[in-house]
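Here's the structure we're looking at; comments come further down.
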Protein chains: 2
Amino acid sequence: MSLRHAVLGLLTEGPASGYDLLKLFDASLSNVWPATQSQLYGELSKLADAGLITVSAEGPRGRKEYALNDEGLAELRRWILEVEPARPLRNDMLLRVFFLAQVDPEQARSYIRDQAAIGRKYQEHLEGIRERIGSDTDNLSTYGRLALEWGLRFTRTQQEWAEWAEEQIR
Amino acid sequence: MSLRHAVLGLLTEGPASGYDLLKLFDASLSNVWPATQSQLYGELSKLADAGLITVSAEGPRGRKEYALNDEGLAELRRWILEVEPARPLRNDMLLRVFFLAQVDPEQARSYIRDQAAIGRKYQEHLEGIRERIGSDTDNLSTYGRLALEWGLRFTRTQQEWAEWAEEQIR
DNA sequence: GGGGGCATGTAAATCGTTACATGATTTT
DNA sequence: AAAATCATGTAACGATTTACATGCCCCC
């Protein structure tokens, strides 16, 4: 049920169309909650039906601009404060680790080494984002920086772990 | 498609029924790849249809014991070595962070503080597992220890991040 | 007038969760 | 004899991904 709240959250920055939101997702939330075009339009319809957002304007090419209303903002706040976040459950990189005895030790080490490299690469990706948002002061960027820092620490931990784990396999 | 490979991986330890596998999932993989009973029985049927596992014995109460065959083991190895792991995409704890401007700063700080507590609690859960597996020498435990260490480092990172982030909000 | 971007929508397939349904066997 | 455990399966619903389908508007 989080896509719904991601949409509500983005609409706090102002009214937007499905098309606008799709770009916003790609630009800001894609690292913690990606959304496809398909999903987005469906969710906007449902949110409007549920009375949490309102069509605030219609433009050319059937453009529908949606705005957050009071009910929507209340629901967003409720979700933030009262719904316990679900911890990420699935990690197929770690799932493979459980089964590394099924490949040669050298291949296992190589697998782990690759995970360090992937961590490094993703870290660079995040550093690119950090440069791009610079010191923007909008709400999404301000708090997004906290999420970004989480990602950077996470990738660093992944690299350190991979170095440690590669040693363990010897 | 990873449930399929989780099943293949568990069957490397020996033949097992759906019922056995469900317990194995709960005991070993539930932290990286949980599975429900429903899903498991369905996947076993599909794997048997696909010729990656074989019914190796039938027991009382309609018990069907499945065994990994050569095709299944080959597929498992292929998946480990050749399929790039997908990084975890969704994290609703971080999604909420993006929207913390919508609640009082004091509530935002409290939210972050809660995440440190959740990290601590999950860390204790993992330490419990570490004690329970002790120095077991089966493949799943040996490599599972690497995954466990990942989890412990991850929870530590989460706690450190939360302390840092709480400061940032001031 | 053509190309690129704007804009929305639907359909099909797969995966995952929850709940329902059933019944046999073993243990106390 | 009852309770616990073993054991499998189906149905309904919701989320996600990928692909398909359509067409308008603006700039060059």
Side-chain angles (χ1 to χ4, degrees), chain A residues 1-8 10-11 15-27 29-50 53 55-66 79 83-92 95, chain B residues 1-8 10-11 15-27 29-50 53 55-66 79 83-92 95:
Chain A
M1 285 291 285
S2 295
L3 174 66
R4 149 163 304 205
H5 299 98
V7 170
L8 294 175
L10 287 180
L11 286 176
S17 68
Y19 194 83
D20 296 337
L21 287 171
L22 189 61
K23 282 182 295 175
L24 266 176
F25 263 95
D26 288 346
L29 302 186
S30 61
N31 289 287
V32 302
W33 209 274
T36 61
Q37 179 256 28
S38 231
Q39 235 184 323
L40 210 42
Y41 285 107
E43 193 60 48
L44 284 168
S45 292
K46 282 190 229 159
L47 278 165
D49 287 350
I53 62 178
V55 177
S56 57
E58 307 209 18
R61 278 162 298 198
R63 175 189 170 92
K64 272 177 280 183
E65 205 173 68
Y66 293 93
W79 173 75
V83 181
E84 176 101 359
R87 72 177 189 81
L89 287 176
R90 295 187 162 80
N91 185 322
D92 72 325
L95 181 58
Chain B
M1 286 288 286
S2 295
L3 174 65
R4 150 162 304 205
H5 299 98
V7 171
L8 294 175
L10 287 181
L11 286 177
S17 67
Y19 194 83
D20 295 337
L21 288 171
L22 189 61
K23 283 182 293 175
L24 266 176
F25 264 94
D26 289 346
L29 302 185
S30 62
N31 289 288
V32 302
W33 209 275
T36 61
Q37 179 255 27
S38 233
Q39 236 185 323
L40 210 42
Y41 284 108
E43 193 60 47
L44 283 168
S45 292
K46 281 189 230 159
L47 279 166
D49 287 350
I53 63 178
V55 176
S56 57
E58 306 209 19
R61 277 162 299 200
R63 175 187 170 93
K64 272 178 279 183
E65 207 173 67
Y66 293 93
W79 173 75
V83 181
E84 177 101 358
R87 70 177 191 83
L89 287 177
R90 295 185 163 79
N91 185 322
D92 72 325
L95 181 58

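Worth knowing before you read on, the calculation uses all heavy atoms, side chains too, and leaves out hydrogens, waters and symmetry mates. A note on names: the letters A, B, ... follow the listed sequences, proteins ahead of strands, and every chain is numbered from 1.
Put simply, Lys46(A) has a side-chain N or O that comes within less than 4.0 Å of OP1 or OP2 on dA15(D). Checking the phosphate oxygens (OP1, OP2) of dG9(C), no side-chain nitrogen or oxygen of Tyr41(A) falls inside 4.0 Å. Between Gln39(A) and dT17(D) there is a side-chain polar atom (N or O) within less than 4.0 angstrom of OP1 or OP2. Checking the phosphate oxygens (OP1, OP2) of dT5(D), no side-chain nitrogen or oxygen of Lys23(B) falls inside 4.0 Å. At the phosphate of dT16(D), OP1 or OP2 sits under 4.0 Å from a side-chain N or O atom of Arg90(B).
Leu29(A) and Ala6(A) make their closest contact through CD1-CB, 4.0 Å (heavy atoms, listed as atom of the first residue, atom of the second, distance). Here the closest heavy-atom approach between residue Thr36(A) and residue Leu22(A) is recorded as C-CD1, 4.0 Å.
Between the side chain of Arg90(B) and the main chain of Pro88(A), no donor-acceptor pair closer than 3.5 Å is present. Here the side chain of Asp20(A) pairs a donor or acceptor atom with the backbone of Ser17(A) at under 3.5 angstrom.
A donor-acceptor contact under 3.5 Å links the side chain of Ser38(A) to the base of dT18(D).
To the nearest angstrom, P of dG16(C) lies 15 Å from CG of Leu22(B). With rounding to whole Å, Asp26(A) atom CG is found 13 Å from dC6(C) atom P. The separation between Leu89(A) atom CG and dT16(D) atom P is 13 Å, rounded to whole Å. In this structure, the CG atom of Leu44(B) is 11 Å from the C1' atom of dT8(D), given to the nearest Å. In this structure, Asp49(A) atom CG and dG9(C) atom P are separated by 11 Å, rounded to whole Å. Atoms CG (Leu21(A)) and P (dA7(C)) sit 12 Å apart, rounded to a whole Å. Regarding Glu43(B), its CD atom lies at a distance of 8 Å from the P atom of dG16(C), rounded to whole Å. Atom CG of Asp20(B) is separated from atom C1' of dA7(D) by 10 Å (rounded to the nearest Å).
Side-chain proximity of Met1(A) to dG9(C), dA7(D), dA15(D): nearest is dA15(D). Among the nucleotides dT8(D), dA7(C), dG16(C), the one closest to any side-chain atom of Tyr19(A) is dA7(C). Here dT16(D) is the nucleotide among dT16(D), dG9(C), dT17(C) with the atom lying nearest to any side-chain atom of Trp33(A).
Comparing Glu65(B) and Pro60(A) by the nucleotide of DNA chain D whose heavy atom lies nearest to each, the residue mapping closer to the 5' end is Glu65(B). Map Gln37(A) and Arg61(A) each onto its nearest nucleotide of DNA chain D; the residue landing nearer the 5' end is Gln37(A).
Considering CH2 of Trp79(A) and CG of Leu95(B), their distance stands at 4.0 Å, rounded to 0.5 Å.
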